There are 2 protein chains.
Amino acid sequence: MIVRQAANVLEIMEFFAQVKKPATLAEIADHFGWPRSSTFNLLATLSEKGYLYEPRPRAGFYPTPRWLAMARMISEVEPLPQWTHTLIADLSAETGETASIVAPAGVMAVFIDVVESQAAIRYFATIGHRVPIHATASGRALLLQYSQEERDSVYRKIEFKQYGPSTPISIEAVETELRNSIARGYCQSFADYSRDLAGAAIPLPIGDRRLSVVVAGPEFRIGPKVAEVAALIARTVDRLRPKAAA
Amino acid sequence: MIVRQAANVLEIMEFFAQVKKPATLAEIADHFGWPRSSTFNLLATLSEKGYLYEPRPRAGFYPTPRWLAMARMISEVEPLPQWTHTLIADLSAETGETASIVAPAGVMAVFIDVVESQAAIRYFATIGHRVPIHATASGRALLLQYSQEERDSVYRKIEFKQYGPSTPISIEAVETELRNSIARGYCQSFADYSRDLAGAAIPLPIGDRRLSVVVAGPEFRIGPKVAEVAALIARTVDRLRPKAAA
DNA sequence: CATATAAATTCACATATATGTACGTTTATC
DNA sequence: GATAAACGTACATATATGTGAATTTATATG
């Protein structure tokens with residue numbers, strides 16, 4: 001079950017992150033198609049808790065810097081080491097595609113850092129973006145770091161769907177693909193989940209955290225050179241990862 | 001009316017900002033006294049939207065960097081000029097008290113930047129903290145920047161309460177205090193709202209934004225030297241504010 | 001300045017939603 | 001390795017909550 005008003009809070013914030021200017025009650029209500037009275041209650045709640053204010057009279061609401069203060073406190077705990085951002089920045093620059101750091105979230109994989117391609121046709125992903133862990137290169141690079149039991153426990157919760165022609169639709173199919181990935185030295189995906197999208201990924205354990213790096217883009221650009229891209233990822237990790245730490 | 005689940009989202013985030021480590025469903029449910037089933041729905045919603053993930057298996061949930069990404073996008077719009085932070089940092093250092101930048105939010109005033117005193121006994125305020133606009137030094141420094149009509153419109157919405165012995169409990173009382181503030185050259189408050197708390201504030205218009213600076217602390221420390229403190233605020237603003245801009 | 005139009009609030013009620021209860025799964029204990 | 005305790009998940013139901021309509025307040029227009 002989805003908690004509607006919880007989702008609405010996030011949508012309002014995303015709205016402000018997008019329009020980047022104050023908005024009145026009416027504007028927000030119209031934008032989402034919400035009743036004004038409901039919008040009023042939501043805005044009042046956010047204001048009362050100190051997350052919204054009125055920068056200038058009658059010009060509407062805008063989030064207070066409290067969001068930033070809170071997000072900073074949250075993120076200063078085990079932040080990703082600096083070199084991982086350099087890693088995906090370099091990868092994106094060299095390949096011209098979108099590169100990301102990915103972490104597990106149950107049966108899904110979450111993008112926790114992203115550097116987007118500059119190409120007109122590109123993989124559009126943002127921090128927080130989620131994809132099925134079993135049907136993506138990045139996800140499988142995470143699964144490779146699990147024990148057999150942990151994987152089994154994840155499998156039990158997966159709803160196998162045929163997202164595309166090559167989606168693995170059984171536990172055995174996923175396990176086979178994992179074995180192939182080990183043999184091959186990297187994980188790959190050709191439209192297993194998203195149409196026309198291909199990617200190469202490798203595991204990226206940091207401390208006791210299980211992460212992965214992925215480079216992804218349109219099938220026609222990435223397809224012919226997955227192996228190259230995968231090798232580049234491996235080399236770049238080798239170059240940037242501090243030698244001392246595991 | 002307060003939208004409970006909207007408030008709960010904020011409380012969860014504040015919880016993480018405080019404990020700074022992953023928490024399991026059970027821990028969160030117990031902490032807030034929420035039923036597990038409800039907590040489950042909330043966490044599922046936040047996860048589904050990409051705001052929560054599971055850093056390591058079975059070690060619970062933690063917010064994704066998406067919060068930070070969003071907060072950054074929101075805050076890069078008309079951020080406070082750098083010098084205002086220097087301003088309150090200097091004021092706090094020189095006075096040993098808490099200094100803040102404050103903005104209006106209806107009948108309330110919101111703290112949008114804070115540098116806290118280091119003293120053991122101090123005014124504890126955080127970004128997002130809200131106080132009544134008419135019953136605080138910082139709030140009245142905002143009201144001074146309003147036209148008479150704008151003030152009247154605010155007055156109509158105020159519920160006058162006797163927060164402390166000196167709280168102004170009528171429109172006339174507030175207007176009188178404003179006139180006194182103009183004559184005096186700064187706004188002050190002696191436990192008008194919070195017990196034992198005194199403060200000095202002056203208006204701080206920036207562009208078309210109506211802000212104020214306030215220095216506040218325990219009555220026994222601030223009380224004897226409000227005038228000094230107010231003068232210091234004025235001098236420091238003069239020193240730091242760029243001459244070009246109004 | 002009066003009137004019209006739009007926006008913000010309030011409130012009572014029907015309905016969408018939070019939760020008690022029960023079940024399956026995982027982890028801890030002996 | 002067996003048993004117990006804790007944890008996570010699903011669902012039906014009573015109730016807390018969102019909302020449509022009415023009221024008040026603010027802004028635009030003739």
Side-chain angles (χ1 to χ4, degrees), chain A residues 1-12 22-49 52-54 56-62 104-108 146-159 171, chain B residues 1-12 22-48 52-62 104-108 146-159 171:
Chain A
M1 172 190 279
I2 185 167
V3 181
R4 192 128 66 96
Q5 293 292 32
N8 288 350
V9 170
L10 304 175
E11 304 227 315
I12 287 208
T24 64
L25 187 152
E27 283 165 1
I28 296 172
D30 292 350
H31 175 87
F32 290 106
W34 296 339
R36 297 207 170 170
S37 51
S38 313
T39 308
F40 174 76
N41 290 335
L42 233 195
L43 294 181
T45 303
L46 293 178
S47 301
E48 212 156 291
K49 291 227 116 205
L52 240 40
Y53 74 124
E54 290 145 71
R56 43 209 107 196
R58 261 170 258 115
F61 296 84
Y62 199 73
V107 298
M108 304 297 270
Y146 284 41
S147 71
Q148 188 63 53
E149 295 80 46
E150 290 172 321
R151 275 211 298 279
D152 288 340
S153 141
V154 170
Y155 291 151
R156 250 173 268 132
K157 297 181 191 162
I158 293 180
E159 261 194 282
I171 294 177
Chain B
M1 172 188 278
I2 185 165
V3 181
R4 194 127 64 99
Q5 292 293 34
N8 288 351
V9 170
L10 305 175
E11 303 227 316
I12 286 208
T24 63
L25 189 154
E27 283 166 0
I28 297 172
D30 292 350
H31 175 86
F32 290 105
W34 296 339
R36 295 214 171 157
S37 52
S38 313
T39 308
F40 173 75
N41 290 334
L42 232 195
L43 294 182
T45 302
L46 293 179
S47 301
E48 211 156 292
L52 239 40
Y53 75 125
E54 290 145 69
R56 44 210 107 196
R58 263 171 257 117
F61 297 85
Y62 199 74
V107 299
M108 304 296 271
Y146 284 40
S147 70
Q148 187 63 53
E149 294 81 46
E150 290 172 321
R151 274 211 298 279
D152 288 340
S153 142
V154 169
Y155 291 151
R156 251 173 268 129
K157 297 181 191 163
I158 292 179
E159 263 193 279
I171 294 177

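None of these values were measured; they are calculated from a predicted model. Below, chains carry the letters A, B, ... as their sequence lines are ordered, and counting in each starts from 1. These numbers come from the heavy atoms of this one structure, side chains and all, not from hydrogens, waters or symmetry mates.
Residues passing the side chain to side chain contact (heavy atoms under 4.5 Å, CB included) test with Glu54(B), sequence neighbours excluded: Ala105(A), Phe61(B). Considering only residues two or more places apart in sequence or on other chains, Arg36(A) meets the salt bridge (charged side-chain N to carboxylate O under 4.0 Å, His left out) condition with Asp30(A). For Glu159(A), there are no side chain to side chain donor-acceptor pair (under 3.5 Å) partners at least two apart in sequence or on another chain. With sequence neighbours excluded, the residues satisfying side chain to side chain contact (heavy atoms under 4.5 Å, CB included) with Thr45(A) are Ile2(B), Val3(B), Ala6(B), Ala7(B). Residues meeting the side chain to side chain donor-acceptor pair (under 3.5 Å) test with Glu11(B), sequence neighbours left out: Lys49(A). Taking the side chain to side chain contact (heavy atoms under 4.5 Å, CB included) definition, one finds that Asn8(B) meets it with Arg4(B), Gln5(B), Trp34(B), Leu42(B), sequence neighbours left out. In this structure Glu150(A) satisfies the side chain to side chain donor-acceptor pair (under 3.5 Å) test together with Ser147(A), Arg210(A), sequence neighbours excluded.
The CG atom of Leu25(A) sits 12 Å away from the P atom of dT10(C) (whole-angstrom rounding). Residue Ile2(A) contributes atom CD1, which lies 14 Å from atom C1' of dA16(C) at whole-angstrom precision.
Comparing Trp34(A) and Glu27(B) by the nucleotide of DNA chain D that holds the closest heavy atom to each, the one mapping nearer the 5' end is Glu27(B). In this structure, Asp30(A) and Val3(A) both approach DNA chain C, and ranking their closest nucleotides by distance from the 5' end singles out Asp30(A).
At the phosphate of dT24(D), neither OP1 nor OP2 sits under 4.0 Å from any side-chain N or O atom of Arg156(B). Between dT25(D) and Lys157(B), no contact under 4.0 Å exists linking OP1 or OP2 to a side-chain N or O. Residue Arg4(B) has no polar side-chain atom (N or O) positioned under 4.0 Å from OP1 or OP2 of dA18(C). Residue Ser153(B) places at least one side-chain N or O under 4.0 Å from the OP1 or OP2 atom of dA26(D).
Across residues 5-12 of chain A, Gln5(A) each have a non-hydrogen atom less than 4.0 Å from an atom of DNA chain D (numbered order). Contacts of residues 35-46 of chain B with DNA chain D (heavy atom under 4.0 Å): Arg36(B), Ser37(B), Phe40(B).
Across all their heavy atoms, Val154(A) and Gly106(A) have their closest contact at CG1-O, 4.4 Å.
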